[in-house]
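Single-structure report; data block below.
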Amino acid sequence: MKRTLATSLVVLAALTSAAPRWNPQTKKGPGHARVSLYRVAPGQQLAFLNWLAAREEVAKEAGIPAGQLYAHLDGDSWDYLLIAPVTSSEQDGKFDAIAARKSVKTGFAASLQFRDFLTFHTDTLVSGPITAADLVAEAAK
């Protein structure tokens with residue numbers, strides 16, 4: 001129970017700083033992000049981080065906002081938590097073109113490479129950041 005609560009608090013704190021704040025006056029809702037937890041295979045820590053770093057470089061060149069990576073210190077069994085923006089088809093196309101130029105794998109080849117580094121991972125699509133008070137106000141409408 002403590003591990004689940006600690007992980008939830010880390011995710012909540014990270015999401016609070018991950019995206020622009022929702023402004024009800026503009027009628028623009030909260031942003032969307034992908035929260036990923038990774039448990040890296042023994043001996044693959046540096047290789048996994050290098051893989052992520054290469055993809056960060058491509059994303060930066062493609063104009064995709066940087067994700068936020070958190071390294072596990074204590075508690076649950078994950079190694080890294082990544083909060084990254086949900087990308088558009090246009091951004092994905094730019095990413096793929098730049099990745100091809102830099103010999104960074106994409107598609108199924110990248111998926112296979114990715115799985116070589118991990119013993120477990122999970123991805124969750126989220127909406128936020130938003131406060132509980134903002135959600136209560138929306139529910140009252």
Side-chain angles (χ1 to χ4, degrees), residues 1-24 26-141:
M1 177 72 170
K2 284 184 179 180
R3 286 184 179 167
T4 302
L5 178 60
T7 300
S8 297
L9 290 175
V10 168
V11 171
L12 179 62
L15 286 173
T16 301
S17 63
R21 180 92 173 95
W22 179 46
N23 182 351
T26 64
K27 301 297 183 208
K28 182 180 179 194
H32 293 92
R34 176 172 285 111
V35 177
S36 302
L37 289 174
Y38 304 114
R39 188 176 309 141
V40 181
Q44 294 296 316
Q45 295 283 333
L46 187 56
F48 176 69
L49 292 172
N50 283 326
W51 186 86
L52 278 178
R55 302 183 81 73
E56 286 175 353
E57 184 180 314
V58 171
K60 182 179 180 179
E61 192 173 328
I64 298 169
Q68 295 178 328
L69 185 65
Y70 294 82
H72 173 265
L73 297 177
D74 187 26
D76 208 351
S77 60
W78 53 270
D79 295 308
Y80 301 100
L81 177 144
L82 179 65
I83 301 171
V86 175
T87 55
S88 67
S89 297
E90 182 182 336
Q91 288 171 315
D92 293 343
K94 286 181 185 177
F95 182 96
D96 289 349
I98 294 166
R101 265 196 349 258
K102 295 180 175 267
S103 299
V104 171
K105 293 182 180 182
T106 60
F108 186 64
S111 180
L112 289 176
Q113 188 180 43
F114 170 75
R115 282 165 175 75
D116 285 342
F117 303 127
L118 304 173
T119 59
F120 170 84
H121 88 280
T122 184
D123 297 314
T124 303
L125 293 177
V126 298
S127 179
I130 189 165
T131 67
D134 289 338
L135 287 174
V136 168
E138 282 297 306
K141 290 182 178 180

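Quick caveat: nothing in here was measured; it's all calculated off a predicted structure. The analysis underlying the following values was restricted to heavy atoms, covering all of them including side chains, and did not include hydrogens, waters or symmetry mates. Residue numbers start at 1 and run along the sequence shown.
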- Query: What heavy-atom pair brings P85 and A66 nearest, and what distance separates the two atoms?
  - Reply: CD-O, 4.3 Å
- State the CG-OH distance between L69 and Y38, to the nearest 0.5 angstrom. 8.5 Å
- Smallest heavy-atom separation, A99 atom then V58 atom, equals N-CG1, 3.8 Å
- Message: Could you report the tightest heavy-atom contact between T119 and A41, atom names first, then the distance?
- Response: CG2-CA, 3.6 Å
- Go through the steps to decide whether T87 and F95 satisfy the test side chain to side chain contact (heavy atoms under 4.5 Å, CB included), and finish with yes or no. CA-CA 10 Å; T87 55; F95 182 96; over 6 Å; no
- Message: Nearest 0.5 Å, please: how far is CD1 in I98 from CD1 in I64?
- Response: 7.5 Å
- Query: Looking at K141 and E138, does any basic side-chain N land under 4.0 Å from a carboxylate oxygen?
  - Reply: yes
- Task: Look only at the side chain of R101 and the backbone of A97, and say whether a donor-acceptor pair between them is shorter than 3.5 Å.
- Result: no
- Message: I'd like to know whether NZ of K60 has more than 12 heavy-atom contacts from other residues, nucleotides or ligands below 6.0 angstrom.
- Response: no
- Message: So S36 and H121, do their side chains get closer than 4.5 Å, heavy atoms only?
- Response: no
- Task: Sort out for me which residue in Q45, H72, R39 forms a side-chain hydrogen bond (donor to acceptor under 3.5 Å, both in side chains) with Y80.
- Result: Q45
- Contact summary for K105 and R55, nearest pair of heavy atoms: O-NH1, 2.8 Å
- Task: State whether the side chain of T122 and the backbone N or O of L37 hold a donor-acceptor pair below 3.5 Å, judged by distance alone.
- Result: no
- Indicate yes or no: does E90 engage K94 in a salt bridge with an N to O separation below 4.0 Å. yes
- Search all heavy atoms of L125 against all heavy atoms of R34 and return the closest pair with its distance. CD2-NH2, 3.5 Å
- Give, for atom CD of Q113 and atom CZ of F108, the distance between the pair rounded to the nearest 0.5 Å. 12.5 Å
- Query: For the residue pair L118 and F114, what are the closest heavy atoms and their distance?
  - Reply: CD1-CZ, 3.2 Å
- Task: Nearest 0.5 Å please: distance from the CG atom of D79 over to the CZ atom of F117.
- Result: 14.0 Å
